[in-house]
**Q** 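Handing you this structure, nothing more for now.
Every chain is numbered from 1 and lettered A, B, ... according to where its sequence line falls, protein lines coming before strand lines.
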Amino acid sequence: MHDQHSDRALVDLPGTGTLLRNLNPEQYAAVTLGPEPSLILAGAGSGKTRVLTTRIAWLLSTGQVSPGGLLAVTFTNKAAKEMLTRLSAMLPIAVRGMWIGTFHGLCNRFLRAHWKLAGLPQSFQILDSGDQLSAVKRVIKAMGLDEQRFVPKQVTWFIAGSKEDGQRPKDVEARDPQTRKMIEIYEAYEAQCQREGVVDFAELMLRTYELMRDNASLREHYQRRFRHVLVDEFQDTNRLQYRWLKVFAPPQAPDGAGPQGVFAVGDDDQSIYAFRGAQVGNMADFEREYHVRQVIKLERNYRSFGNILDSANALIAHNAHRLGKNLRTEAGPGELVRIGEHPSDYAEAQWLLDEAQALHRSGVARSEIALLYRSNAQSRVLESALFNAGIPYRVYGGLRFFERAEVKHALAYLRLIENPHDDTSYLRVVNFPARGIGARTIELLQDAAKVGTQSLYQSVGAVAGKGGNNLAAFNALIDGLRERTRGLTLREIIGQVLAASGLVDFYRTEKEGAERIENLEELVNAAESFVTQEGFGKDAVALPVDETSPGAIAGSPVGAAADIPAPDAETGEIQSPLAAFLTHAALEAGDNQAQAGQDALQLMTVHSAKGLEFDCVFITGLEEGLFPHENSLSDGDGLEEERRLMYVAITRARQRLYLSFSQTRMLHGQTRYNVKSRFIQELPEGALKWLTPKHQGFGSGYAREYQSAWSRGSGLGSVVGMGRVEGRPTYAAPPPPPMLQKAREAEHGLRIGQTVFHNKFGEGVIVTLEGSGSDARAQVNFGRHGAKWLALGIAKLTPVD
DNA sequence: AATGTGAAGGTTTTT
DNA sequence: CCTTCACATT
């Protein structure tokens with residue numbers, strides 16, 4: 001039956017011939033699967049996005065589905081955008097109104113269409129995580145609870161976590177008094193959000209799910225409408241998202257409706273978000289519950305050379321719970337994976353920098369070189385080394401555009417124009433810039449609002465006196481803006497707001513206000529380009545009307561407006577540009593990458609590297625406790641996730657991969673003595689090329705160079721009092737040399753920082769030496785076995801090298 | 001209302 | 001060690 005489809009496609013639509021050309025057999029099989037539930041195990045670099053977009057194009061061009069009958073969901077805006085771009089390159093089709101987007105973006109669209117049924121105000125606003133945190137803080141304060149006991153961040157996490165498990169306050173089990181109270185906060189928070197007409201990210205999902213679950217006619221409508229549902233990065237779905245899928249495309253189609261194609265693409269080996277609720281188990285559950293007949297594995301890799309893939313395969317083979325998959329390539333083995341040891345994080349950074357410079361000189365673009373690390377704190381050393389050497393670099397993961405304080409202020413004014421009851425926004429700007437509304441006045445206002453369970457905006461009348469007058473003036477400012485900007489273009493509206501609010505004037509007087517003003521100007525630009533190129537309705541228009549495609553499968557109900565339950569007749573309304581822009585700002589916080597522009601080295605955590613690829617990749621800080629991170633060592637699942645993270649890191653590299661680790665590292669103001677990561681031992685020897693002698697980096701090549709920095713400071717016999725030892729760094733750059741603790745060569749011939757071997761625990765690093773003679777003891781960091789105190793008279797420690 | 005001080009805490013993060 | 005944030009001071 002698949003062949004039938006594709007044959008017809010090739011005959012009827014010449015375009016589809018080229019569409020399917022160049023697919024390998026597995027990709028071809030996946031792309032041309034029939035309308036049945038299917039699971040695609042797509043390895044890193046196996047052409048996953050290509051398969052997804054080609055399948056959509058194939059389904060459309062063969063007339064198996066109309067543009068309106070298709071639902072494709074991703075996690076990130078980037079992935080959604082990419083899909084749309086590639087799709088419109090493949091097909092001459094208006095991609096605009098199609099239901100292709102992020103989970104949250106599509107939920108937003110759904111709720112805008114069915115706001116009434118969902119119990120929301122038409123102009124509901126979306127809280128980002130920052131807004132949510134401040135909303136939770138307000139609730140905790142209003143309930144008179146102690147922020148020490150109920151840490152706002154944790155409470156926020158609890159609420160989001162509950163929602164992502166599909167639980168309302170009543171569903172959460174009150175196992176102890178603390179939890180009981182948390183549930184109360186959750187309840188109060190919900191009430192507050194409802195009153196203010198705002199929803200957080202998780203609420204977008206949960207509301208949508210609940211409305212679909214509870215409203216039979218709506219459910220049937222959408223189930224009949226979406227003939228094909230595609231899910232990207234399925235391994236990252238949480239419980240709620242899987243339930244969401246099941247309610248849009250249940251395993252058992254409703255009576256009278258044709259089968260729904262559910263196409264789930266994922267890679268269990270790249271599941272690195274369990275810590276925030278992703279359930280890898282959803283893949284196995286999906287396979288079982290949807291009776292997937294065969295799982296298609298995409299194992300041919302088009303990105304990396306053999307040695308890199310061999311390393312990735314060998315590493316991930318150490319994980320027990322896998323669906324099972326091995327990457328292969330036809331590109332040949334390529335270069336060996338280079339691996340090196342360094343005496344300190346500082347030396348590691350210097351080496352990295354030299355190596356990257358050499359690569360650049362040999363013709364590799366800086367932007368094709370990635371410096372990866374496990375945690376953000378590690379970027380500091382790298383940055384300072386790069387900064388001092390004047391090498392351009394770019395760090396990913398900072399503040400995003402729409403999260404900047406000045407931008408959020410401007411947005412708050414805009415939101416109040418749309419919805420003055422949004423107390424979060426109200427509080428943010430009621431006295432910013434300062435207009436004589438102090439803490440006392442705001443307290444009075446909040447009390448008044450609480451009594452009448454009204455918004456702050458509504459309660460202004462209840463506050464008398466000077467403060468009250470100022471409040472009234474603020475309300476008048478908002479009202480005035482709303483009146484004055486009615487009918488204006490988005491650009492004009494923002495211009496008015498920036499001027500009338502006094503924001504620009506305020507920043508003009510600030511010392512460091514210039515950059516902030518630039519950002520506000522950038523906001524105007526963002527709005528402008530949103531209106532013109534995106535078409536402001538992109539996220540907002542919610543016409544559940546299908547374009548009737550000539551190729552729609554006969555007999556399948558084509559969702560027309562008439563299918564929509566009566567209460568939603570008003571769904572045809574289009575959001576105002578302003579409302580759409582605010583939604584856009586909340587749902588798409590903007591690039592989290594520093595200013596693009598010049599060719600620069602790419603610095604980022606392994607997490608944020610997921611989905612990217614580079615010619616050359618450095619994975620740094622491969623030390624026990626760091627990578628794998630110590631906090632994840634307690635349970636096996638944690639360690640497996642760390643290993644998957646390493647797997648993701650390795651598979652980012654196309655041509656050349658470097659691994660590095662350091663004997664000492666400055667962390668939390670202390671020098672830590674680390675053992676090399678167990679992941680290094682899990683790589684195949686044959687694929688590696690050691691740049692330093694395998695154990696201690698002492699002895700040859702440039703390792704000796706670095707050793708000097710190390711041993712001069714901690715020099716043999718140079719017994720200095722506790723504390724720092726001044727050492728002359730090999731590189732006379734501003735960052736200080738590694739600070740070394742007291743190094744002592746006592747009668748046992750051991751010193752701090754030395755790598756030793758123990759019969760039972762294996763290799764370890766000496767962290768502390770105490771006592772002398774028969775009393776001598778050493779604390780040794782054995783990595784996975786932890787740090788042990790050993791009596792030197794008893795324990796046999798052999799120095800390595 | 002702006003600025004200063006002290007304590008706490010310091011995986012990973014998109015929407 | 002370094003950042004962040006709540007609180008106190010002028």
**Q** Taking atom C1' of dT13(B) as reference, at what distance in whole Å does atom CG of Asn238(A) sit?
**A** 13 Å
**Q** Would you say dT14(B) has OP1 or OP2 under 4.0 Å from some side-chain N or O of Asn77(A)?
**A** no
**Q** Select from His607(A) and Phe75(A) the residue whose nearest nucleotide in DNA chain B is closer to the 5' end of that strand.
**A** His607(A)
**Q** Provide the closest heavy-atom pair for Asn470(A) versus Gly436(A) in the form atom of the first, atom of the second, distance.
**A** ND2-O, 2.8 Å
**Q** How many Å lie between NZ on Lys137(A) and C1' on dC7(C), as a whole number?
**A** 14 Å
**Q** Choose from dT15(B), dT11(B), dT13(B) the nucleotide whose nearest atom is closest to any side-chain atom of Thr76(A).
**A** dT15(B)
**Q** Expressed as a whole number of angstroms, how long is the span from Ile272(A):CD1 to dT14(B):C1'?
**A** 12 Å
**Q** For dT3(C) and dT14(B), measure between their C1' atoms and round to the nearest Å.
**A** 24 Å
**Q** Can you work out whether Ser375(A) or Ala586(A) has the more 5'-proximal nearest nucleotide on DNA chain B?
**A** Ser375(A)
**Q** Looking only at side-chain N and O atoms, does Asn376(A) come under 4.0 Å of OP1 or OP2 in dT13(B)?
**A** yes
**Q** Looking at Phe124(A), I'd like to know if the NZ or CZ of Arg112(A) sits under 6.0 Å from its six-membered ring centre while staying within 45 degrees of the ring's axis.
**A** yes
**Q** Stacking between Phe275(A) and the base of dT13(B) (centre distance under 5.5 Å, interplanar angle under 30°)?
**A** no
**Q** Once you round it to whole Å, what is the distance between C1' of dT15(B) and CD of Glu164(A)?
**A** 9 Å
**Q** Has Arg400(A) got a side-chain N or O lying under 4.0 Å from the OP1 or OP2 atom of dT15(B)?
**A** yes
**Q** To the nearest Å, give me how far apart CD (Glu641(A)) and P (dT13(B)) are.
**A** 12 Å
**Q** Is any side-chain nitrogen or oxygen of Lys153(A) closer than 4.0 Å to OP1 or OP2 of dA8(B)?
**A** no
**Q** Applying the 5.5 Å / 30° rule, does His629(A) stack onto the base of dT11(B)?
**A** yes
**Q** Of all the nucleotides listed (dT11(B), dT12(B), dC2(C)), which has the minimum atom distance to the side chain of Arg380(A)?
**A** dC2(C)
**Q** Just to be sure I understand the rule, does Tyr273(A) reach a base, reach only the sugar-phosphate, or reach nothing, if contact means heavy atoms closer than 4.0 Å?
**A** sugar-phosphate
**Q** Given side-chain hydrogen bond (donor to acceptor under 3.5 Å, both in side chains), test Arg516(A) with Tyr507(A) step by step and report yes or no.
**A** CA-CA 7 Å; Arg516(A) 296 186 184 271; Tyr507(A) 287 122; 4.6 Å; no
**Q** Could you tell me how far apart Arg374(A) (CZ) and dT13(B) (C1') are, to the nearest whole angstrom?
**A** 11 Å
**Q** Please tell me if the side chains of Thr583(A) and Gln575(A) come closer than 4.5 Å, counting only heavy atoms from C-beta onward.
**A** yes
**Q** Salt bridge check, Arg374(A) against Glu630(A): does any charged N sit closer than 4.0 Å to a carboxylate O?
**A** no
**Q** Among the nucleotides dC1(C), dT11(B), dT15(B), which one has an atom lying closest to any side-chain atom of Phe201(A)?
**A** dT15(B)
**Q** If the cut-off is 4.0 Å, is Arg276(A) near the phosphate of dT15(B), judged by side-chain N/O to OP1 or OP2?
**A** no
**Q** Can you see whether Tyr647(A) has Arg644(A) sitting over its ring - NZ or CZ less than 6.0 Å from the centre and within 45° of the normal?
**A** no
**Q** To the nearest Å, give me how far apart CG (Asn108(A)) and C1' (dT14(B)) are.
**A** 16 Å
**Q** In whole Å, what is the span from the CD atom of Gln125(A) to the P atom of dT15(B)?
**A** 19 Å
**Q** dT15(B) phosphate, OP1 or OP2: any side-chain N/O from Ser129(A) under 4.0 angstrom?
**A** no
